[in-house]
Amino acid sequence: MDNAEIAAHLEQLADLSEIAGENPFKVRAYRAAAARIRDLPTPVQELLREGGLEALEQLPGIGERIATKIVQLLETGEIEALRKLRERVPVGLLDVLAIEGVGPKKARAFWQQLGITNVDELERAARAGKLRTLPGMGERSERKILAAIERWRAHQGRYLLPDAEADMRRVLAAIRETGDAHRLEAAGSLRRRRETIGDLDVLVSASRSDRIMEAVRALSREVLGLGETRAAVVLRSGMHCDVRVVDDRSWGSALHYFTGSKAHSVALRGLARSQGLTINEYGVFRLREDGTAGERIAGDEEPEVFLALGLDYIPPELRENRGEIEAAAAGTLPVLIERADVCGDLHVHTTWSDGRESIETMARAAIERGHRYIAITDHSARLAMTGGLDAKRLREQWREIEAAQRSVGDAIRLLRGIEVDILEDGTLDMPADALAELDVVVASVHSHFGQDLETMTARLLRAIESGRVDILGHPTGRLLLRRDPYAFDPERVFAAAKAAGVALEINASPLRLDLSDTLAKAAHEAGCALVISTDAHHPTHLDFLRYGVDVARRGWCERRHVLNTEPDPERLLARLHEGHR
DNA sequence: GCCGTTTTCGGCCCGACTGTTTTCAGTCG
Ligand SMILES: Nc1nc2c(ncn2[C@H]2C[C@H](O)[C@@H](COP(=O)(O)OP(=O)(O)OP(=O)(O)O)O2)c(=O)[nH]1
Ligand SMILES: [Mg+2]
Ligand SMILES: [Mg+2]
Ligand SMILES: [Zn+2]
């Protein structure tokens, strides 16, 4: 059972406990534990094997009770407390809880007072006008729930970054168009550069909000809520969008609030309380004896919020309550890598396999982007559907690389590379002598994703220890929103990569983002080198670098952790080859 | 259920909007 599944069990425990009327703080503890497990780079199974129950209890937010539940889950396949809860509370209510506007109290009331146990029954009851018999519910409530059920049925889930960015540009343009916005900025998960985006959150400062709200309404196909300072709408794309309007004085604290994450804000606000302060979206205030907010001491600009608490400024990408507040207090936050630090791209495809453009076209596109070097890394033969290269065609490609190099001049260095398949048994899909003549060998898994953890780990280790591999490409094999990562033990893989001097790729394709933020962090903390590569199959894909830098920043990476921040290609190659060639 | 440069008991973030309410609970950001 992988960490995502364990987290899902804890989430379910939280949801059902909540409907059952449990203490909300206990429910929150389950949710916090679920988040912690989901963020864990190492499979819990491996953690337990090495450190036992104590290793689990070491994790913040996981104590004796939850640790025991997790062990129980891994040993027996279920959590006793969850099994009992499922006997008592209909599991169909989990869907009811997912309906917007329905929380634990209403779900419970539907169930206890109307015998509703799932969404279909809720829909029938709403149509039959039965919900209005409940206290605090009327005809409008029924209509609202029916609309929410429709959205739930159509529900599109989360979005990839480029799709969210495209809609965000439209929203920002429309708000700007009103001329009433003094400042405006994308907030929420998009500002934090999370790997997928649930909805758009936009902060605006203005002295009047009516025309801004009207502009947002005009973009939407459905209005979920509309007040003086907040609007919640469904855009025509189906994406949800929340707009918050504040006045200029509140900009900093409002931006902090709306950027989140929720877990970060809750932790920061808790720290403020312990310092006799209180934070809301309007500022940082001294806390009076009676518990109300007193003198305002900060909040015009975002950095003041941190400063007021004695903290270093925490960049949005780090605001996930993963230790950033403690690091900011200790002055040990990383100096995060930036896009301008990256000097080249080490994973580029061309028409020699499944890329869309020639070597020279890709080279010129890279020059336009200021790159000092790119590695031409087409697929090896095993990936037949991509027209992958065998040793003979690989050697032919070198002549074209040389020709392209002469043609584009010395503005950029074209490196001979390959993305060689790691075959089922961990051997490489190319003879060793051919690989030895290359500048850059990226090795990746493209088949047999279903191997168990031990088999896949051994397969990756064999490739890493071959002495022929410089970079492990898209190390988990995941496709965002489409394919889960394959099972393997990152700890052993990272240890082997460090020992062999093999770098780990942060694949910057927004369909992949692989390594993920948490794994990238674990990798450099394990002493591994990283590279950020686009896996470009088209000139415009070279711009994916931004997304890779986002991941690196979310993974606490500094410039020194990423090899392709080296401007000089010869020095870069020396670093890439170090330890195994 | 977790946690502790105040603490091993008693806190645990804080406010906008909605619907139904005559003063607020529930839900959500
Ligand atoms: N203080 C506080 N802020 C919250 C709470 N819930 C949400 N926020 C803030 C922080 C969030 O980043 C921001 C936007 O809320 P969203 O629900 O859209 O979450 P976010 O954008 O982080 O993730 P998403 O990708 O949309 O799921 O609002 C909360 O319970 N308390
Ligand atoms: Mg959001
Ligand atoms: Mg939102
Ligand atoms: Zn690949």
Side-chain angles (χ1 to χ4, degrees), chain A residues 10 13-14 17-18 22-36 56-70 81 97-110 131-132 134-145 147-148 187-189 198-203 209 213 223-233 240-246 250 253-254 256-285 287 291-293 305 309-310 321 325-326 329-330:
Chain A
L10 291 171
L13 185 60
S17 304
E18 201 173 28
E22 254 304 351
N23 175 353
F25 296 108
K26 187 167 162 180
V27 173
R28 180 199 283 186
Y30 289 143
R31 297 220 165 96
R36 188 63 57 187
L56 213 45
E57 282 181 50
Q58 296 287 292
L59 299 172
I62 298 183
E64 195 188 332
R65 310 289 298 274
I66 293 182
T68 306
K69 286 183 169 65
I70 292 172
L97 196 59
I99 305 294
E100 272 175 305
V102 180
K105 298 287 163 54
K106 284 186 188 167
R108 184 182 172 82
F110 296 153
L131 300 186
R132 69 189 70 169
L134 296 175
M137 302 264 314
E139 211 180 318
R140 300 168 81 120
S141 314
E142 286 170 344
R143 279 206 301 275
K144 225 175 120 170
I145 282 177
S189 50
D199 72 352
L200 303 183
D201 304 285
V202 184
L203 182 69
S209 70
M213 295 311 192
V223 176
L224 304 176
L226 192 62
E228 265 292 296
T229 73
R230 268 192 51 195
V233 303
H240 287 216
C241 177
D242 294 314
V243 177
R244 184 76 197 259
V245 182
V246 297
S250 304
S253 39
H256 179 265
Y257 148 71
F258 215 27
T259 297
S261 65
K262 174 182 171 180
H264 165 87
S265 287
V266 168
L268 200 77
R269 289 174 177 201
L271 176 67
R273 300 289 298 197
S274 74
Q275 298 182 3
L277 302 171
T278 181
I279 301 177
N280 58 32
E281 60 265 53
Y282 302 107
V284 182
F285 302 85
L287 204 53
T292 61
V305 174
L309 302 184
N321 197 29
I325 295 174
E326 295 75 6

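Chain letters run A, B, ... following the sequence lines, proteins first and then strands; every chain starts at 1.
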With a non-hydrogen cut-off below 4.0 angstrom, is [X] in contact with a base, only sugar-phosphate, or nothing?
X      : result
A:P104 : sugar-phosphate
A:N23  : base
A:T229 : sugar-phosphate
A:E139 : sugar-phosphate
A:V102 : sugar-phosphate
A:Y257 : base
A:I279 : sugar-phosphate
A:P60  : sugar-phosphate
A:K262 : base
A:I99  : sugar-phosphate

How far does the [atom1] atom of [N] sit from the matching atom of [M], given to the nearest Å?
N      : M      : atom1 : value
B:dT8  : B:dC14 : C1'   : 28 Å
B:dG26 : B:dT20 : C1'   : 12 Å
B:dC12 : B:dT6  : C1'   : 16 Å
B:dT5  : B:dG1  : P     : 23 Å
B:dA16 : B:dT21 : P     : 24 Å
B:dC13 : B:dC28 : C1'   : 14 Å

task = On DNA chain B, reading 5' to 3', which nucleotide is the first and which the last to sit with an atom under 4.0 Å from a heavy atom of chain A, could you check?
result =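 Extent of the interface on DNA chain B: B:dG1 to B:dG29.
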task = State the NZ-CG distance between A:K69 and A:L56, to the nearest 0.5 angstrom.
result =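 These two atoms lie 12.5 Å from each other.
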query = Using purine N1 to pyrimidine N3 plus N6-O4 or O6-N4 for Watson-Crick, or N1-O2 and O6-N3 for G-U wobble, both under 3.5 Å, which nucleotide pairs with B:dA25?
reply =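 The answer is B:dT18, by the H-bond criterion.
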A:E142 side chain to A:L131 backbone, donor-acceptor under 3.5 Å =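 Flag set: sc A:E142 to bb A:L131 pair under 3.5 Å.
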query = Sub-3.5 Å donor-acceptor pair from the side chain of A:S253 to the main-chain atoms of A:S250, do we have one?
reply =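 Yes, because the side chain of A:S253 sits within donor-acceptor range (under 3.5 Å) of the backbone of A:S250.
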First of A:Q275 and A:A267 reached from the 5' end of DNA chain B, by closest nucleotide =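 First, find each residue's nearest nucleotide; the 5'-ward one identifies A:Q275.
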inquiry  = On DNA chain B, compare the nucleotides closest to A:R269 and A:A98; which residue's is nearer the 5' end?
reply    =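 Its nucleotide being nearer the 5' end, the pick is A:R269.
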ask   = Pick from A:K144, A:R143, A:M137, A:E139: which one makes a side chain to side chain contact (heavy atoms under 4.5 Å, CB included) with A:S141?
value =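 Between A:S141 and the candidates, side chain to side chain contact (heavy atoms under 4.5 Å, CB included) is satisfied uniquely by A:M137.
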ask   = Looking only at heavy atoms, what is the nearest atom pair of A:F110 and A:I145, with distance?
value =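 That would be CZ-CD1, 3.7 Å.
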request  = Please say which of A:K26, A:K105, A:R31 ends up in a salt bridge (Lys or Arg N to Asp or Glu O under 4.0 Å) with A:E18.
outcome  =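 Going through A:K26, A:K105, A:R31 one by one, the salt bridge (Lys or Arg N to Asp or Glu O under 4.0 Å) with A:E18 is satisfied by A:R31 alone.
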request  = If a pair satisfies salt bridge (Lys or Arg N to Asp or Glu O under 4.0 Å) and one of its residues is in residues 268-284 of chain A, list it, with sequence neighbours excluded.
outcome  =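 Counting only pairs at least two positions apart or across chains, the salt bridge (Lys or Arg N to Asp or Glu O under 4.0 Å) contacts touching residues 268-284 of chain A are A:R244-A:E281.
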inquiry  = Just checking A:E64: does its CD atom have more than 12 heavy atoms from other residues, nucleotides or ligands closer to it than 6.0 angstrom?
reply    =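 No, the 6.0 Å shell around CD holds no more than 12 heavy atoms from other groups.
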